[in-house]
Amino acid sequence: MSVRVLRIHPGDNVAVALVTLPAGIEFLPGCLTRSPVPAKHKVVTDFIRQSEAVVMYGVIVGRALRDLHVGDRLNRSDLVHDTSGYSVRSTHRPQAWQAPDASHWEETTFLGYHRSDGQVGTANHWIVLPLVFCENRNIDVLRRAFEDELGYSRISPYRQQVAALAYAYRTGNSTEDTIETSVVSERLFENVDGVHFLTHQLGCGGTRQDARSLCGLLAGYLNHPNVCGGTVLSLGCENAESKILMEELHKRNPAFDKPLRVFRQQSFASADALITDAIAYTFSGLQEANNLRRAHAPLSKLTLGLECGGSDGFSGISANPAMGYATDLLVTLGGSAILGEFPELCGLEQSLIDRCTHASAAARFVDLMESYATLAEAVGSGFEMNPSPGNIRDGLLTDAMKSAGAARKGGTSPITAVLDYPEYSTESGLNLLCTPGGDVESTTAIAGAGAQIMLFSTGMGTPTGNPVAQVIKISSNSALAHRLPDLIDLDTGSIIEGDETVESAGARLLDLIVRVASGDYVTAATHLGQHDFIPWKRGVSL
């Protein structure tokens, strides 16, 4: 009998269907399906009485609402979200860890941009950002002025298509020969990978805590190893004051010395004067940044961000564990990784607590998780509402089930630090960062904590990128990689098909990370110009 299902952990009482199973087929020795089970969904492997725990990945992922028989397809109506309890033991000791063999990469280096503070960038970007939403229009004016003239914009085939359609409408001619493919103009500054213009809807009108958090996030972007300098626009009367930005920047890097200037609009005679000065300063900074060259750096200088979006029933058994293995390899080599999305760690608390190297980190993790959950419950929500309709359709029936697969992005290595948003990562090893589960809010936060490269798994396809961190998209199934090749950089569907191990896929991923870090591979997100930036306005966002 060919392999049709996967029981992930010996203690599980459900298995994942690797292919669509018709009714009446033997999926395990002596076990027949009682109804059709679509691929990615779960089939019951042991009789589960009403109110008993449904177990997957070796942890509780729900509780049965009726008697579930061997061969039943597990449906959303069959169980309710539930998790195991957890605590920080008074005699906390981190669990033992068997590091993977990373000897193949011990001498491997990447070509990066060395900063004076010891950080090394995998790219070289200039950023232009506002302290308050009032300046978004001026940011857009700057963007339009710079992108075309410096060669960073792609001539849109869609704009050409509309022009061709308009011409055809006016003249009655055909459009077949007038629509051209997109092209990229020649870049003026070959050693500057991009000039990115960030906008947001914060900076004033909220709480003082909101303003402080925003300034902390922006400071993280300015201090980011992939950023060579910045232009900041301020109105002059906003809550997110420039002095707060400088305080937050000093917290992250007391020796910060990148080119940076804040332009306060209320100090200028006109908007034109502001724009003119900002353009002159930015152009001068780009000239300086263009003098930088890549040089060899050890892999210990890398920090990975770990994210998932558009997850499916295969994410937790292919793409996420492959990411986890690559993370473990990098940690073994002295590097770092940041795992966020706290609503998607629900049910895995005890295993994560046990991996914390210090009791203080474990206690902080518990405090952040419980504070977040309490805030959600206070407005009639909860972590159990995290799975999206798409997640559920593709087999992730409860938040605990989704979390059990999502947490595998973090591998098995010890947790060396627990950070609250928008703190900056300074500890090597695996860091936990409190972020929401929303893809762009989370990737925005993780990049703000210093991750140069983002590993992003998806089972259904998600067009998400970041202005400063390169985003590597990893598909959980080969059907997605074939259907949307322009979105995907690495396919791990070979794990599902039995042609590759998690370890082999993780090793391939680490090799790709080195290529991206050296500028030898342009990710799909970068190629498509996906530069998403949404700051988290601290509150309930699952």
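Remember, predicted model here, so these are calculated numbers, not experimental data.
Residues T464 and D532 bring no donor and acceptor atom of their side chains to less than 3.5 Å of each other. Y221 and N466 are linked by a side-chain donor-acceptor pair at a separation below 3.5 angstrom, with hydrogens and angles left out of the test. No side-chain donor from either of S351 and D354 sits under 3.5 Å from a side-chain acceptor of the other. Defined by atom type and a distance below 3.5 Å, a donor-acceptor pair is present between the side-chain atoms of D101 and S103. Between T501 and S504, the side chains place no donor N or O within less than 3.5 Å of an acceptor N or O (distance only, hydrogens not considered).
Contact check for P321 versus K409: no side-chain heavy atoms found under the 4.5 Å cut-off. In this structure, the side chains of L339 and I415 stay at 4.5 Å or more apart for every pair of heavy atoms. Under the 4.5 Å side-chain criterion, counting only non-hydrogen atoms from C-beta, Y57 is in contact with R408. Contact check for M460 versus R393: no side-chain heavy atoms found under the 4.5 Å cut-off. The closest side-chain heavy-atom distance from L329 to Y325 is below 4.5 Å. Between L68 and E52, the closest side-chain pair of non-hydrogen atoms is not below 4.5 Å. Contact annotation: the side chain of L487 approaches that of Q530 to within less than 4.5 Å [non-hydrogen atoms, C-beta and beyond]. Between T83 and C346, the closest side-chain pair of non-hydrogen atoms falls below 4.5 Å.
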In a table with atom names and distances, give each donor-acceptor pair under 3.5 Å that connects a side chain of residues 297-317 to protein atoms at least two apart or in another chain.
from, atom 1, to, atom 2, distance (Å)
K301, NZ, G118, O, 2.9
E307, OE1, S442, OG, 2.8
D312, OD1, F314, N, 3.1
D312, OD1, S315, N, 2.9
D312, OD1, S315, OG, 3.0
D312, OD1, S476, OG, 2.8
D312, OD2, K40, NZ, 2.9
D312, OD2, S476, OG, 3.1
D312, OD2, N477, ND2, 3.0
S315, OG, D312, N, 3.1

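Smallest separation of non-hydrogen atoms from I488 and L480: CD1-CD2, 4.1 Å.
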>> Go through it in stages, so that I can follow the logic: the residues are N391 and S388, the test is side chain to side chain donor-acceptor pair (under 3.5 Å), and I'd like the CA-CA distance, side-chain angles, deciding distance and then a yes or no.
In response: CA-CA 5 Å; N391 294 150; S388 70; 3.1 Å; yes

>> Applying side chain to side chain donor-acceptor pair (under 3.5 Å) to N431 and S336, what does each step give before you reach the verdict?
In response: CA-CA 7 Å; N431 290 203; S336 307; 5.7 Å; no

> Checking side chain to side chain donor-acceptor pair (under 3.5 Å) for the pair T122/Q470: CA distance, chi angles, key distance, verdict?
Replying inline: CA-CA 8 Å; T122 59; Q470 295 118 307; 2.6 Å; yes

>> Between F383 and F342, is the ring pair (Phe, Tyr, Trp, His ring centres under 6.0 Å) condition met? List the steps.
In response: CA-CA 9 Å; F383 286 170; F342 270 33; 8.7 Å; no

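From E26, atom CD reaches atom CZ of R4 across 8.0 Å, with rounding to the nearest 0.5 Å. Atoms CG and OG, on L484 and S475 in that order, are 9.5 Å from each other to the nearest 0.5 Å. Between atom CD of residue E248 and atom CG of residue L214 there is a gap of 10.0 Å, rounded to the nearest 0.5 Å. In this structure, CG on N223 lies 6.0 Å from CG on D117, to the nearest 0.5 angstrom.
A salt bridge links R66 with D72: at least one charged nitrogen is closer than 4.0 Å to a carboxylate oxygen.
Residue pairs meeting the ring-ring contact (aromatic ring centres under 6.0 Å, His included) criterion with at least one partner in residues 65-111, sequence neighbours excluded, are F47-H69. Contacts classified as salt bridge (Lys or Arg N to Asp or Glu O under 4.0 Å) and involving residues 480-506 (residues at least two apart or in different chains) are given here: E500-R508.
Between M56 and the choices R7, M401, H9, the side-chain contact (heavy atoms from CB on, under 4.5 Å) rule is met once, by M401.
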